[in-house]
Amino acid sequence: MCSIFQITCDGAFFNRCLDCFLGKAAYIRNLQDNLDALDTELENLIAKKNDVMRRVVDAERQQMRRLDGVQRWVSRVEVVKTGADELMRHSSQEIDKLCVGGYCSKNCRSIYKFGKQVAKKLQDVKTLIGEGVFEAVATEVVAERAPEPVADKRPTEPTIVGLQSQLEQVWRCLVEESVGIIGLYGMGGVGKTTLLTHINNKFLESPTNFDCVIWVVVSKDLRLEKIQEDIGKKIGLSDDSWKNKSFDEKAVDIQRRLGEKRFVLLLDDLWERVDLTEVGVPLPSAQNTTSKVVFTTRSIGVCGSMRARPVKVACLSEKQAWELFRENVGEETLESDHEIVELAQTVAKECGGLPLALITIGRAMAYRKKAEQWRRAIEELRRSTSEFAGLGKEVYPLLKFSYDSLQNDTIRSCFLYCCLYSEDYGILKWDLIDCWIGEGFLGESDRFGAENQGYDILDTLVRACLLEEVEDDKVKMHDVIRDMALWITCEIEKEKRNFLVCAGAGLKEAPDVKRWENVRRLSLMQNQIETLSEVPKCPHLLTLFLDFNQELKIADGFFQFMPSLKVLKMSYCGQSWSSFQLPVGMSELGSSLQLFDISLTLIKELPEELKKLVNLKCLNLRWAYRLNKIPRQLISNYSRLCVLRMFGTGWFNFHEAPEDSVLFGGGEVLVQELLGLKYLEVLELTLGSYHALQILLSSNRLKSCIRSLFLPLAGDATSIIDATAFADLNHLNELGIDRAEELEELKIDYAEIVRKRREPFVFRSLHLVAIYECHKLKDLTFLVFAPSLKSLSLYGCNAMEEIISVGKFDETPEVMGHISPFGNLQTLDLSRLPILKSIYWKPLPFTHLKEMAVTHGCNQLRKLPLDSNSAKERKFVIRGREDWWNRLQWEDEATQIAFRSCFQPHSW
């Protein structure tokens, strides 16, 4: 039984071996037939593939997209064809190896392997023929309508010099944060549209959850119907029947269609608020996070009205500007002459970092390969930029849209007036408003109304990016904006405006007076003009700027033929001389002159003939510190005077004023004269005695006018000044005390303040305090009630041990919860305070601090009231000696390390 079972098993094994042998032999035996079949079937497959591809090409010409299944089939056909071709190339060699009538081979292993590959490839070809039914079955298609791309690619430069950080910032807001509306604002030509274009194109490169990105150019001529049309095209609402619908019907359709999508709406060039809900756009909100809106504008005010997060697109840094300029000029030109690179850097700086100017001028200079051509270009740019190729045709007209869009001629006139100031000059806001009022631009009847109107106009110009706010109290014009303004005044509106501006031109001689004849506004400020010897005839001249000509001497009679002159500015003139003198004949301006500015001059006395300037409304004598003779009845004779600026006037020798000067006796005579000026509204005063101060403070009308007080109290025996009296000076902005050698205390009745006031902040307007050489003064605790303080300077106060004294609150501890001093402080300057140990008794955040300087003679100050978070959250500078810094005591090592980065050693 066992043996039979064994024989059966051996027979099965034999049969399997036989079948295997015969199967392998079949690959060899059928090789030629399989090769012939493969050749035939491959031709059929290629023919079928060609038929399919013709249909695919036809469909793609109709903007359809081939099906993924078709694409995979075509790709597999290509792979099989490549493999089959490879087998057919080697077939003759393998056939030659066959023998015994095609049933055996000289190399059985090789021919078997080859035969098996041929049989497998033949089967693959037949399978693909069977799957390629796209043509045979009517219901099968080879392509489908291609889906709309998320965004339409827009042409732009491949690089975005200087805009990468803004691009990343906006992209984060779009894809990561919950910000719904973003406003990209900045001056014309700064690159807002370029940035928006790159944002649009980035949606094609980076996957997001948004269904569509809609681009709409709004422009100055706002038409809501056009916005609807552009949105409709992108979301499939553009057939004739839709176009014939009413505005409201279209809005409903847009709202319904967009309500089903996650969309991004990009609006280029907004000049005013657009009511998107009226158009039909669902607004992004906390509840609606499926949509975003990004727009560009020249006005930050539009960002506010659209309730958008503002993102400023600023001019380029010097390094970035050079990179962009270099890119447009080209390396070939820059390398053509060894001098050109340095000259090209000078040209690039003239563009002020404005991309449009950099690109325009860069391309204009691209093939100028001689150094002399570049030198001429620099001269041309500095002399008359509008004559330079491209600026007058491409750059300035674009920028002029911002000028044209200003609400009225008053604002346009105020804007153009700013180009009288030198390039990069920081214009004091109040000084500019004084000039506007003097010219008659501001129509308000009272000074405060006109002043407020002036600040509103400044705000308008800043929001329109036509002026830049460089500090809280200063603005300036960007170089290219200023050039555009000069282009308007000197070319576009030449007859109407008649400006002659040579400010900051490096002149040593004034322009020929014949050129002045028809001029209305003339600026020669910031030059090196030594003399004005010719007498010009200027019947139409309204404004004359002579400021900052330090060598200037003016010939007698110079002003006799200027019957219309309203504004005369001579600030910082004649500084190189021991004394600056006014020319004889100033009285000729008596019927017209509204504003007269001789601030920061070394003038020692005012001539009697100035009494004839009877229409004068603004007199600026700020820091004319050598002036100690002002004739009696001179000030009181200006019956129309609204603004008198005398902060720091006569400070140098105030107590040497002669008897016939209103400054005699510490200014008591001056105060008496001021009492008779019924139109006076702005008063900045220097008084040399506490008695004169008391007379001033006894007049409610004068107290309402005070903006600045400077008290050089040398020789005054007063030891205590009741600072509570300053609480009624509601507009007091500056307070300076100098050489009050007997002054021990600026006294405040803290209990009275707490009793009368809920919030004990009594010096709300006080921005600047400077105390010099008050050797007995012990503290300035009253400053805890000055929440707006921005600048504090202390020098030579030998008895001051603490700036804010905690001991003075012992009787009124309830005040402690209300005070947090120095919250708006920007600069703190401490010098020669030999026993000063404390600024404040506990750490403060110093949210707005920019600079703290502790110079020589402050060796006892070992601890700074700095909150450790201050160093982490913001960057400010601490200046002082290295040895002083090393002696400072800190709460812990981490705080010391944190503030070390803020410290800048300085030797004094």
Side-chain angles (χ1 to χ4, degrees), residues 149-154 156-188 190-218 227 230-231 234-235 254 258-277 279-317 320 355 463 465 872-874:
V150 174
D152 297 322
K153 188 174 180 64
R154 302 187 66 81
T156 188
E157 296 289 336
T159 58
I160 49 170
V161 176
L163 295 176
Q164 189 62 44
S165 62
Q166 284 106 327
L167 176 59
E168 293 170 359
Q169 178 186 356
V170 176
W171 190 252
R172 282 195 302 272
C173 292
L174 290 172
V175 301
E176 297 176 16
E177 300 178 18
S178 58
V179 180
I181 306 178
I182 303 163
L184 309 177
Y185 76 97
M187 61 189 288
V190 80
K192 302 182 297 296
T193 300
T194 300
L195 177 57
L196 194 68
T197 302
H198 278 274
I199 292 168
N200 176 85
N201 292 348
K202 192 172 175 66
F203 280 100
L204 295 170
E205 305 161 3
S206 306
T208 66
N209 293 325
F210 292 104
D211 301 317
C212 66
V213 178
I214 307 165
W215 179 285
V216 178
V217 177
V218 180
I227 296 176
D230 290 346
I231 293 174
K234 184 63 181 176
I235 61 177
I254 290 172
L258 288 180
E260 301 168 352
K261 295 179 180 290
R262 291 177 56 88
F263 68 90
V264 178
L265 177 60
L266 305 179
L267 301 169
D268 189 30
D269 203 19
L270 262 67
W271 290 81
E272 58 186 279
R273 178 179 177 272
V274 175
D275 189 343
L276 294 176
T277 55
V279 174
V281 177
L283 284 181
S285 65
Q287 292 74 36
N288 174 23
T289 58
T290 61
S291 61
K292 305 275 186 173
V293 176
V294 187
F295 62 85
T296 68
T297 180
R298 298 191 189 188
S299 171
I300 191 175
V302 173
C303 296
S305 66
M306 294 288 290
R307 301 179 68 182
R309 174 183 287 188
V311 175
K312 184 173 184 179
V313 184
C315 288
L316 303 181
S317 68
Q320 293 166 339
R463 286 189 287 109
C465 296
K872 299 175 186 176
E873 296 175 1
R874 61 195 59 85

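The first residue of the sequence shown is numbered 1, and numbering continues consecutively from there.
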Do [X] and [Y] come within less than 4.5 Å of each other through their side chains, counting heavy atoms only?
{"X": "D230", "Y": "I214", "value": "no"}
{"X": "I199", "Y": "L195", "value": "yes"}
{"X": "I231", "Y": "L258", "value": "yes"}

Rounded to the nearest 0.5 Å, what's the gap from [atom1] on [X] to [atom2] on [Y]? Could you check?
{"X": "Y185", "Y": "R298", "atom1": "OH", "atom2": "CZ", "answer": "15.5 Å"}
{"X": "L265", "Y": "L283", "atom1": "CG", "atom2": "CG", "answer": "10.0 Å"}
{"X": "L316", "Y": "L163", "atom1": "CG", "atom2": "CG", "answer": "7.0 Å"}
{"X": "F295", "Y": "L270", "atom1": "CZ", "atom2": "CG", "answer": "6.0 Å"}
{"X": "S305", "Y": "I300", "atom1": "OG", "atom2": "CD1", "answer": "11.0 Å"}
{"X": "L167", "Y": "H198", "atom1": "CG", "atom2": "NE2", "answer": "8.0 Å"}

Would you list the pairs meeting side-chain hydrogen bond (donor to acceptor under 3.5 Å, both in side chains) in which at least one residue belongs to residues 172-181, sequence neighbours left out?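 Those involving residues 172-181 are E177-R309.
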Could you pull out the closest heavy-atom pair between [X] and [Y], with the gap in Å?
{"X": "C212", "Y": "K234", "value": "CB-CE, 4.4 Å"}
{"X": "C315", "Y": "V190", "value": "N-CG2, 3.7 Å"}
{"X": "N200", "Y": "L266", "value": "CB-CD1, 3.6 Å"}
{"X": "A308", "Y": "G183", "value": "CB-N, 3.7 Å"}
{"X": "S291", "Y": "P282", "value": "OG-O, 3.6 Å"}

Hey, mind stepping through T296 and D269 against side-chain hydrogen bond (donor to acceptor under 3.5 Å, both in side chains) and telling me if it holds? CA-CA 5 Å; T296 68; D269 203 19; 5.3 Å; no
Polar side-chain atom of [X] near backbone of [Y] as donor-acceptor pair, under 3.5 Å:
{"X": "K192", "Y": "M187", "value": "yes"}
{"X": "D211", "Y": "R262", "value": "yes"}
{"X": "D268", "Y": "W215", "value": "no"}

Can you check side-chain contact (heavy atoms from CB on, under 4.5 Å) on L276 and M306, steps first, answer last? CA-CA 9 Å; L276 294 176; M306 294 288 290; 4.2 Å; yes
Please report the C-alpha distance between L174 and I182 in whole Å, then the side-chain angles of each, then the deciding distance to 0.1 Å, and finally whether the side-chain contact (heavy atoms from CB on, under 4.5 Å) criterion is met. CA-CA 9 Å; L174 290 172; I182 303 163; 4.2 Å; yes
Verdict with supporting geometry, F210 and K292, side-chain contact (heavy atoms from CB on, under 4.5 Å): CA-CA 9 Å; F210 292 104; K292 305 275 186 173; 3.7 Å; yes
Could you point out which residue of L184, L267, V313 forms a side-chain contact (heavy atoms from CB on, under 4.5 Å) with L196?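 That would be L184; it is the only one of L184, L267, V313 passing the side-chain contact (heavy atoms from CB on, under 4.5 Å) with L196.
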Show your reasoning for whether side-chain contact (heavy atoms from CB on, under 4.5 Å) applies to T193 and T197. CA-CA 6 Å; T193 300; T197 302; 4.1 Å; yes
